[in-house]
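For reference, the structure discussed in these notes is given below.
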Amino acid sequence: MKFIYCGDVVARAGREAVLNNLETLRQKYNPDFIIVNIENAAHGFGATPGICRDFLEKGVDALVTGNHVWQQRELIPFLDECKKIVRPLNYPENLPGKGFCLIETPNGKKLLIVQVLGRLFMEAVDCPVAAMEKLLKNYTLGKNIDAIFVDIHAEATSEKLAFGCYFDGRVSAVIGSHTHVPTADAKIWPKGTAYLTDVGMCGDYDSVLGFDKQEPMNRLARKYTGGRLMPAKGNGTLCAVLVETDDTTGLALSIQPIQLS
C-alpha cells in the first residue's frame with residue numbers, strides 16, 4: 001500500500017498548492033490514498049465545510065485537522081456528518097467527530113488514519129499515548145488492519161520522537177505536523193514504523209509559517225500582540241510525504257518526503 005500525506009494547508013496559497021498538484025501526485029507516485037491536513041486552510045485558522053468538500057470532491061481520501069479544529073464554528077456539526085474528517089483522538093470522547101477513520105481500496109485493503117495532539121507547549125488534552133493504546137486494542141497491524149497512519153500534531157520535537165519510538169512496530173507510520181517547517185529526519189524505526197518529525201506546511205514559504213511577515217516581526221520587536229495575523233499571498237509550495245507499506249505485515253518499506261511548487 002502507498003499513501004501520501006500533505007502537511008498543514010495554510011490559507012488560499014496552501015489550498016491551491018494541494019489542489020493544483022493532486023493530479024501530479026497521482027501520476028508520479030500512484031498512491032492508493034491521499035490524506036490532507038486542513039488545520040489552517042480557512043484564512044490560516046481551521047477549516048470550513050466548503051473547503052472540506054473542495055478537497056474531497058477533487059479526490060482527496062481523508063482530511064485531518066489539529067488544535068484549530070474548533071476555530072470555524074460551522075465545521076463543528078460537519079465533523080459528525082462527514083466521516084472522512086479526523087479530529088484529534090485525545091480530545092474528550094463526547095465532542096463532535098472522531099479521532100480516527102477507516103478507508104479502503106477497491107481491492108479491500110484498509111488504512112486506519114489517526115490523529116493525536118501533543119501536550120508539551122500545547123493546550124491541556126488527554127494523554128496521547130493512553131488514547132492510542134485504547135484504540136489499538138481494536139486494531140492489530142497485519143491482522144485485522146492493513147496499515148495504520150498516525151499524525152502527531154505537536155509542538156515539541158522530543159514529544160514527537162518519543163511517541164514514534166513508543167509505537168514502533170505497532171503502526172505503519174508516525175508523521176508529525178503543526179510546526180509548519182519540514183524536517184530532514186525521515187526514517188524507518190528498527191521495528192518497521194516510518195517516521196518524520198514534521199512534514200511541513202502547504203503554503204507560501206516566503207512568510208512566517210504561512211503568514212505575512214510584517215505582524216510576526218512587529219510582535220518580535222515589541223513583545224506584545226498588536227495586530228492581526230494575515231495569511232501570506234504568494235505562490236504556495238506543497239510539502240508531503242509518501243509512505244509505502246508491506247501488504248502482509250503493514251510495516252513500512254519506504255518513506256519519501258515530497259516538495260512541489
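Since the model is a prediction, treat every value here as computed from it, not as a measurement.
One N or O on the side chain of Thr65 and one on the backbone of Val86 form a donor-acceptor pair closer than 3.5 Å. Arg170 contributes no side-chain N or O that, together with a main-chain N or O of Leu136, makes up a donor-acceptor pair within less than 3.5 Å. Put simply, the side chain of Glu16 never gets that close to the backbone of Gly236: no donor and acceptor are under 3.5 Å apart. Looking at Arg15, its side chain does come within 3.5 Å of a backbone N or O of Ala41 through a donor-acceptor pair. In this structure, the side chain of Thr193 does not engage the main chain of Ala173 through any donor-acceptor pair within 3.5 Å. At distances below 3.5 Å, at least one donor-acceptor pair connects side-chain atoms of Asp168 with backbone N or O atoms of Lys191. Panel note: side chain Asp246, backbone Leu253; no donor-acceptor pair is recorded below 3.5 Å. Looking only at distances, a side-chain donor or acceptor of Glu39 sits under 3.5 Å from a matching main-chain atom of Gly66. The backbone N or O of Val9 lies less than 3.5 Å from no partner atom in the side chain of Asn40, so there is not a single donor-acceptor pair. Side chain of Lys2 to backbone of Tyr29: a donor-acceptor contact under 3.5 angstrom is found.
Atom NZ of Lys28 has 12 or fewer heavy atoms from other residues, nucleotides or ligands within 6.0 Å. Other residues, nucleotides and ligands contribute more than 12 heavy atoms inside 6.0 Å of the CD atom of Glu104. Within a 6.0 Å sphere centred on CZ of Arg219, other residues, nucleotides and ligands contribute more than 12 heavy atoms.
Lys137 has no carboxylate O lying under 4.0 Å from a charged side-chain N of Glu133, or vice versa, which leaves the two without a salt bridge. Classification of Glu215 and Arg222 as a salt-bridged pair holds, one side-chain N sitting under 4.0 Å from a carboxylate O.
In plain terms, the two heavy atoms of Arg119 and Val125 that are nearest each other are CD-O, 3.2 Å. Summarising the geometry of Gly234 relative to Ala13, their closest heavy-atom pair is O-CB, 3.4 Å, with the distance given to 0.1 Å. Looking at every heavy atom in both residues, Cys127 comes nearest to Asn90 through O-CB, 4.0 Å. Of all heavy-atom pairs between Tyr91 and Val69, the closest is CE1-CG1, 4.0 Å. Closest approach of Phe3 and Pro31 over heavy atoms only: CA-CB, 4.5 Å. Between Asp212 and Pro216, the shortest heavy-atom distance links the atoms O-CD, 3.0 Å.
Of the listed residues (Val114, Val64, Ile148), just one forms a side-chain contact (heavy atoms from CB on, under 4.5 Å) with Phe100, and that residue is Val114.
Ring orientation note: the planes of His153 and His178 are nearly perpendicular, at an angle over 60° on the 30°/60° scale.
A side-chain donor-acceptor contact under 3.5 Å links Asp198 and Thr179.
In this structure, Tyr195 has its ring center at least 6.0 angstrom away from the ring center of Phe167.
Asp61 is not listed as a side-chain neighbour of Ile113, based on a closest heavy-atom distance of 4.5 Å or more.
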